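Note sheet for the following structure.
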Amino acid sequence: MLKKPVAVFISGFGSNLSVFLERKELFESLYVVSSNPRAYGLIRAKRYLVPFAVLDPKIDWDQLDADLRQNNIDTIFCAGFMKVIPVSFIERWLGKIFNLHPSLLPKYKGLKAIDRAFEAQDDIGVTIHHIAAEVDSGKIVLQKVAIKKEDLPGLTLEEATRRVQSLEHQLVAQWIDLLSPIKSD
Ligand code: GRF
């Protein structure tokens, strides 16, 4: 049974988008939305023949909402999407909009989460959560530790970052497994 149509919101490299693209056949449809016209993720989307939209610098959220609905999108997954989403948009997609964050939320919300946890020599991990009105604060769906603080000494920030990224890809795949199929009625 095909999974619900998903829009993946990106701004950059798109390695997490790749987890979706590699599983493209599982979905009724995929749609990529990028806030950055030069995002490498767009090259990935093109390679997989997945349709995409590039947002204007001043995002028209009503138009984006209409575009998603026209494309029958059911669920939104933000994977490295660097724009702040307005509350009005979040409210329209409540329960159907998710975010990937490289920390063990509620710790290290916001930017440079891996760097800050590393600097504090704290546990480092990954969270997938519902998006609520407040940044990085919705209900947690999946969360896992990538590196325990006792294993940090001896690791460089680059090595730690690579481990977190690899765990992100695993968790995104798990989230896709949990995603419900479309209803046939
Ligand atoms: C990921 O670390 C994600 O958690 C963060 O932005 C990064 C995006 O990576 N919010 P990519 O574009 O999917 O490679």
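Position 1 is the first residue of the sequence, and the numbers go up from there. What you are looking at is a predicted structure, and each value in this text was computed from that prediction instead of being measured. Excluded from the calculations below are hydrogen atoms, water molecules and symmetry mates; all remaining heavy atoms, backbone and side chain alike, are included. In listed order, ligands and their atoms are each counted from 1.
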In a check of side chain to side chain donor-acceptor pair (under 3.5 Å) between Ser15 and each of Gln165, Arg44, Glu168, His169, which one passes? His169
Option among Phe81, Phe52, Trp93 that satisfies the ring-ring contact (aromatic ring centres under 6.0 Å, His included) test with Phe9: Phe81
Report yes or no: does Ile10 have a heavy atom closer than 4.0 Å to ligand 1? no
Under 3.5 Å between some N or O of ligand 1 and some N or O of Ala79? no
Kindly confirm or rule out an N or O of His101 lying under 3.5 angstrom from an N or O of ligand 1. no
Is there a side-chain contact between Tyr108 and Ile114 in this structure, where contact means two heavy atoms from C-beta onward sitting under 4.5 Å apart? no
Closest protein heavy atom to atom 4 (O) of ligand 1, given as residue, atom name and distance to 0.1 Å: Glu168 OE2, 2.3 Å
For atom 14 (O) of ligand 1, what's the nearest protein heavy atom and its distance? Ser15 OG, 2.6 Å
Can you pull out the closest protein heavy atom to atom 9 (O) of ligand 1? Residue, atom name and distance to 0.1 Å, please. Asn16 ND2, 3.7 Å
Flag the pair Phe98 / His129 as yes when their ring centroid distance falls below 6.0 Å, and as no otherwise. no
Is the closest side-chain heavy-atom distance between Val6 and Glu28 below 4.5 Å? no
Any side-chain heavy-atom pair of Val145 and Ile124 under 4.5 Å: no
Should the proximity of Gln165 to ligand 1, defined as any heavy atom under 4.0 Å, be assigned to the side chain, the backbone, both, or neither? neither
The closest protein heavy-atom partner of atom 5 (C) of ligand 1 is Gly80 CA, 3.9 Å
Where ligand 1 meets Phe13 - atom numbers and elements under 4.0 angstrom, heavy-atom basis: 12 (O), 14 (O)
Atom 12 (O) of ligand 1 sits nearest the protein heavy atom Gly14 N, 2.7 Å
Compare all side-chain heavy atoms of Val33 with those of Leu64 and state whether any distance is below 4.5 angstrom. yes
